[in-house]
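Here's the structure we're looking at; comments come further down.
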Amino acid sequence: MSETRYTKDHEYIRLEGDIATIGITDFAQKQLGDVVYVELPEAGLAFVKGAQAAVVESVKAASEVYAPVSGDVTEVNSALEGAPAIVNEDPAGAGWFMKMRIHDASEFNDLMDEAAYQAFVQSCC
Amino acid sequence: MLNQQGRPTAAGAGEQSARATFTSNRGLQMEEALIFEIGRRDVSGVDLDEPEAFSSRLGAHARVGEIGLPGLSEPETVRHYVRLSQKNYAIDSGLYPLGSCTMKHNPRLNEAMARLPGFADIHPLQPQSSVPGALALMDELSHWLLVLTNMEAVAMSPKAGAHGELCGMAAIKTAIDARGEGATRRIVLVPESAHGTNPATAASIGFEVKAVPAGADGKVHPDAVRALMGPDVAAIMLTNPNTCGLFETEIVEIAQILHEGGGYFYCDGANFNAIVGKARPGDLGVDAMHINLHKTFSTPHGGGGPGSGPVVLSARLAPFAPVPFLRRDGERLALVEHEEGTSSLGRLTAFHGQMGMFVRALSYILSHGADGLKQASEDAVLNANYVRACLADVMSLPFGNKPCMHEVLFDDSWLKDTGVTTLDFAKAMIDEGYHPMTMYFPLVVHGAMLIEPTESESRAALDLFIMTLRDLAMSALRGETERFIGAPYLAPRRRLDETRAARSPILRWVKPMRVE
Amino acid sequence: MRYLPLTPTDRTDMLARIGVDHVDDLFADVPAHLLLKEPLDLPRRKTEQDVARALGKLAQRNMAAGSVPFFIGCGAYKHHVPASVDHLIQRSEFLTSYTPYQPEISQGTLQYLFEFQTQVALLTGMDVANASMYDGSTGAAEAVLMAHRVTRRRKAVLSGGLHPHYAAVVRTQSALANDEVVTLPADVSARESLLDQIDATTSCVVVQTPDVFGNLRDLSAIAQKCHAHGALLIAVFTEAVSLGALRAPGDMGADIVVGEGQSIGNALNFGGPYVGLFATRQKYVRQMPGRLCGETVDAEGRRGFVLTLSTREQHIRRDKATSNICTNSGLCSLAFTIHMTLLGEAGLTKLARVNHANAVKLADMLAGVTGVEVLNTTFFNEFTVRLAGDAAQIVEKLAARGVLGGVPVSRLLPGAGLDDLLIVANTEVNTNEDRAQFVAALQEVL
């Protein structure tokens with residue numbers, strides 16, 4: 001059973017047990033346009049919530065991806081290295097960025113749920 | 001997280017824009033292979049005699065194996081590069097309205113002067129006694145720059161505008177360190193409308209960048225600066241006139257806020273060309289400002305350089321200027337090349353700066369004189385305002401139809417619901433024979449189109465440009481999207497696939513594998 | 001004014017169209033008391049011939065390299081540049097175009113940059129090169145910053161054979177960013193033990209070959225030790241022609257190669273503009289500073305070129321950019337690439353042989369002069385001699401006799417106790433007569 005939350009920076013966090021899978025939303029990939037490169041952290045690194053963890057680049061833009069919750073990186077999606085287009089094609093699935101073991105479940109619970117995120121997208125963008 | 005400047009750049013559906021030819025050439029427009037495809041390893045366009053027998057001193061360091069460089073004879077070389085040149089737009093061939101870049105005419109007298117052997121054929125390390133004319137030229141250019149800006153000192157060595165920014169910010173950092181505040185004054189305020197070089201420069205020497213919001217009128221206001229000012233603020237970096245083409249009305253008060261709070265005012269001088277002879281940065285409270293000789297003083301842009309970025313400094317920063325600098329001892333000028341015994345920030349480049357550009361800039365300055373420089377600024381501003389006045393009824397001005405300086409900024413709100421973007425509009429200008437304006441900069445305006453016609457354009461040239469933009473605008477508003485979406489149709493190349501270039505970069509030629 | 005097309009009538013009509021009375025109404029945002037009312041105390045406009053006369057007088061006061069026997073190097077070299085090079089770079093479409101931001105109408109610039117990048121990569125023995133830096137010295141400082149990004153360490157070790165001005169540029173940049181620099185003492189005979197300086201905190205080692213004293217250095221052992229400790233080797237050269245005769249730095253294990261490209265295609269220009277060459281390994285390309293041109297296709301599938309990997313750069317990445325650099329050294333890189341195309345491999349290697357042969361000839365002649373000792377065992381086209389006297393004073397005396405005879409080490413390293421050393425360069429432009437005059441003048445003043 002997994003549960004998905006969202007940040008105002010248009011990241012999604014899908015939690016299964018204490019492992020969070022993190023990527024960018026479909027809305028985010030559409031805004032960025034063709035993704036040409038994703039810079040991922042090394043597995044094993046620890047991030048506090050809000051620290052820069054990855055960078056996603058289109059031709060004319062580079063966006064930092066911040067750790068939405070505190071945790072340790074357990075795995076990164078190395079398939080993105082050779083095929084960044086996956087982020088455009090399947091952001092919520094094969095286009096995930098990294099998995100983290102989260103430190104504090106309350107940080108997760110504070111994030112937006114699906115309905116709140118959709119409302120946020122409607123209102124701000 | 002999102003940078004809204006992201007936009008699709010991938011190539012659209014291919015559509016043949018001209019009839020096919022056997023050679024792929026199209027009349028005078030030649031397809032040209034790479035030198036690696038037409039050159040030969042045993043051909044040279046330079047004749048040299050083999051040296052007489054000698055005993056090598058290369059020891060074990062001699063190269064073994066081939067380099068792989070192709071050679072061409074002189075006629076082939078000339079033809080190759082002439083054909084390449086014909087694929088470029090240039091100021092010499094048309095109006096080049098790139099805002100913030102100042103594509104003005106490059107007088108050829110300047111080129112001739114820079115090639116005099118007394119300037120082009122002297123070595124930076126030959127005895128100073130053998131180059132008094134070179135030192136005098138640097139001194140004379142310095143004098144003009146100081147009088148035009150009303151500043152205390154000028155650092156001549158920076159190699160380009162961004163290098164000048166580094167110089168100015170380094171002087172500020174050194175001054176702060178000298179006051180013992182290096183550990184605490186670490187923040188540099190930069191408006192969101194700034195050139196990317198400003199935050200990049202500040203960050204590269206360890207400052208933390210904090211954004212200053214601009215007001216609804218496109219300008220920075222004292223209250224916004226006051227709110228951020230504190231004992232941790234080292235400096236503000238402001239472009240004036242700013243990147244929206246507007247003079248920062250309250251700049252004197254902003255400078256005062258910085259000074260009273262113990263900070264410095266770095267002015268990005270990219271747009272100095274609007275006010276030369278009309279107002280002096282020194283009177284505005286500026287502590288350091290680079291001058292892009294390739295913008296304001298017409299040294300050629302050369303397809304992206306070389307530039308030259310002397311930095312004028314206030315009395316507070318003058319002691320920290322980089323080496324080398326000129327020192328006058330009576331009638332005699334000398335270059336001080338070592339920082340020992342001075343409070344200099346150090347050295348920014350191997351030698352004395354872009355001498356070739358100094359000669360060109362001084363040639364331009366002497367040609368104009370004080371009166372001509374003032375007239376050039378006025379004409380640049382007049383031309384930009386003329387463009388504004390003649391397009392204000394069709395294109396949208398984000399800050400209202402009010403006077404601008406040397407460049408006029410439109411946004412894309414007038415294109416709303418047309419299906420045409422700023423990018424499409426710019427590409428359609430190419431088919432009409434114009435280089436596009438600066439687009440998507442500054443970032444504070446949506447779909448920005450920044451037009452700087454410069455003083456070099458005649459009224460007839462401006463009128464045709466304006467009529468062309470009006471025709472394009474009407475076409476977009478009528479919904480004739482095909483004129484835009486696939487444009488350019490008539491240039492040497494259609495839109496290029498930048499996504500492909502970035503996803504799997506090919507950054508050099510590699511010999512193709514032979515297929516048997 | 002000959003550069004301003006507007007007539008007084010145009011100006012009046014245009015102001016009317018804008019709807020203002022006077023041009024100063026357009027400057028209304030400038031605080032009134034700061035708008036200059038009186039002309040500045042500066043001369044008025046001049047005719048073309050008057051400007052030419054004024055600048056010509058200044059130029060005549062300088063001793064041009066081509067007018068005397070000339071033996072100065074140390075980071076800038078006098079070579080013969082074929083006439084077609086200067087002709088081609090003055091083509092309007094190269095000289096007066098901007099950065100190729102609109103690739104559809106900039107293929108000329110973009111294609112030559114692609115050719116330039118390839119030539120530099122081949123010469124240095126590296127995978128990729130950028131579209132150039134301001135000059136070799138700023139390239140060296142950028143290389144150190146890049147090494148810090150790659151290794152996430154902040155200590156650079158500079159060889160005592162590195163051009164002292166390059167070392168000074170690196171030190172200035174590092175001091176500003178609070179990065180550590182270890183500069184080894186001047187190493188006249190290439191005997192320093194760089195290996196001892198490399199440890200787990202070292203980000204990079206910067207070594208020049210041929211070094212500033214002209215010695216040739218093998219970088220392989222340094223590269224090995226660097227790599228064993230996770231550090232990068234930055235190889236520097238100031239004389240690009242040497243690459244036609246010497247092992248490529250890439251073949252000796254360098255991770256970043258930077259150098260001065262002035263000596264191919266470009267004049268001495270009293271120090272600038274020059275062109276910095278910058279090359280590295282494929283795996284570090286995203287940490288590179290500066291512009292990069294890449295190949296792609298257009299909407300009709302035709303090959304074309306664009307600026308690429310721009311997200312490294314300041315106009316997109318702002319305070320997180322790899323460098324604040326905004327230009328390359330466009331026209332100088334064009335001069336480099338045209339001259340290199342004219343030379344080709346056959347021409348470059350022969351040019352290098354002629355340079356070396358001439359330098360050997362001069363070294364042998366100088367070795368026979370009483371009071372002169374040639375210090376180098378290896379060199380390319382530049383070497384160091386010990387004189388029986390103060391080199392700076394001797395150089396002044398030589399200049400008074402119409403000979404520009406090298407760079408006294410004290411000019412680069414004052415107070416280092418090396419006042420009797422002179423660095424002498426000899427290229428293809430020097431004739432037997434030049435060398436004879438140099439030797440004769442030296443014998444007179446020693």
Looking at [Y], is its backbone amide N or carbonyl O close enough to the side chain of [X] to form a donor-acceptor pair, meaning the two atoms are under 3.5 Å apart?
{"X": "C:Thr172", "Y": "B:Arg347", "answer": "yes"}
{"X": "C:Glu104", "Y": "B:Pro488", "answer": "no"}
{"X": "B:Asp121", "Y": "C:Gly66", "answer": "yes"}
{"X": "B:Glu340", "Y": "C:Pro414", "answer": "no"}
{"X": "C:Asp319", "Y": "B:Pro199", "answer": "no"}
{"X": "C:Arg411", "Y": "B:Leu125", "answer": "yes"}
{"X": "B:Ser44", "Y": "C:Leu342", "answer": "yes"}
{"X": "C:Glu345", "Y": "B:Gly68", "answer": "yes"}
{"X": "B:Tyr96", "Y": "C:Tyr98", "answer": "yes"}
{"X": "B:Asn88", "Y": "C:Thr109", "answer": "yes"}

So, do [X] and [Y] sit near enough that their side-chain heavy atoms are less than 4.5 Å apart?
{"X": "B:Ser204", "Y": "C:Leu176", "answer": "no"}
{"X": "C:Phe114", "Y": "B:Trp509", "answer": "yes"}
{"X": "B:Leu148", "Y": "C:Leu42", "answer": "yes"}
{"X": "C:Pro82", "Y": "B:Val46", "answer": "yes"}

Taking [options] one by one, which has the highest count of heavy-atom pairs under 4.5 Å against chain B?
{"options": "C:Thr349, C:Asp218, C:Val285", "result": "C:Asp218"}
{"options": "C:His356, C:Arg291, C:Glu313, C:His315", "result": "C:His356"}
{"options": "C:Val20, C:Val395, C:Thr209, C:Asp86", "result": "C:Asp86"}
{"options": "C:Leu15, C:Leu55, C:Val23", "result": "C:Leu55"}
{"options": "C:Thr378, C:Leu26, C:Leu34, C:Asp13", "result": "C:Leu26"}
{"options": "C:Thr96, C:Leu268, C:Asn324, C:Thr296", "result": "C:Thr96"}

Euclidean distance, [Y] [atom2] relative to [X] [atom1], rounded to 0.5 Å:
{"X": "C:Leu4", "Y": "B:Asp379", "atom1": "CG", "atom2": "CG", "answer": "5.0 Å"}
{"X": "C:Glu295", "Y": "B:Arg500", "atom1": "CD", "atom2": "CZ", "answer": "8.0 Å"}
{"X": "B:Phe351", "Y": "C:Asp135", "atom1": "CZ", "atom2": "CG", "answer": "8.0 Å"}
{"X": "C:Arg91", "Y": "B:Leu84", "atom1": "CZ", "atom2": "CG", "answer": "10.5 Å"}
{"X": "B:Leu382", "Y": "C:Asp10", "atom1": "CG", "atom2": "CG", "answer": "9.0 Å"}
{"X": "C:Leu331", "Y": "B:His301", "atom1": "CG", "atom2": "NE2", "answer": "12.5 Å"}

Where does [X] contact chain C at under 4.5 Å (heavy atoms): side chain, backbone, both or neither?
{"X": "B:Leu116", "value": "side chain"}
{"X": "B:Tyr89", "value": "both"}
{"X": "B:Ala60", "value": "backbone"}
{"X": "B:Ser308", "value": "neither"}

Contacting moiety of [X], where chain B heavy atoms sit under 4.5 Å:
{"X": "C:Leu404", "value": "side chain"}
{"X": "C:Asn328", "value": "both"}
{"X": "C:Ala65", "value": "both"}

For atom CD of B:Glu50, is the number of surrounding heavy atoms from other residues, nucleotides or ligands below 6.0 Å larger than 12?
->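 Yes, the 6.0 Å shell around CD holds more than 12 heavy atoms from other groups.
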
Name the option with the most non-hydrogen atom pairs under 4.5 Å to chain C; the candidates are [options].
{"options": "B:Gln86, B:His195, B:Glu457", "result": "B:Glu457"}
{"options": "B:His105, B:Glu455, B:His338", "result": "B:His338"}
{"options": "B:Gly59, B:Cys101, B:Gly307", "result": "B:Cys101"}

Work out which heavy atom in C:Asn62 is nearest to a heavy atom in B:Gly133; give both atom names and the distance.
->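 Taking C:Asn62 first and B:Gly133 second, the nearest heavy atoms are OD1-N, 2.8 Å.
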
In sequence, state the C-alpha distance, the side-chain angles, and the governing distance for B:Gln375 and C:Met1, and then conclude on side-chain contact (heavy atoms from CB on, under 4.5 Å).
-> CA-CA 9 Å; B:Gln375 186 70 59; C:Met1 207 284 137; 5.8 Å; no

With no hydrogens and no angle check, do the side chains of B:Ser129 and C:Glu396 hold a donor and an acceptor under 3.5 Å apart?
->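 A pair is found: one side chain offers a donor N or O, the other an acceptor, under 3.5 Å apart.
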
Using a distance-only test with no angle check, is there a side-chain donor-acceptor pair under 3.5 angstrom linking C:Ser84 and B:Tyr81?
->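 C:Ser84 vs B:Tyr81: no donor-acceptor pair found between side chains.
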
Relative to the ring of B:His368, is the ring of C:Tyr3 parallel (under 30°), tilted (30 to 60°) or perpendicular (over 60°)?
->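 C:Tyr3 vs B:His368 ring planes: tilted.
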
Ring centres under 6.0 angstrom apart (C:Phe380, B:His61) =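 Centroid separation for C:Phe380 and B:His61: 6.0 Å or greater.
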
Please determine if B:Arg508 and C:Asp127 form a salt bridge, counting it only when a charged side-chain N lies under 4.0 Å from a carboxylate O.
->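 Answer for the salt bridge query: no.
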
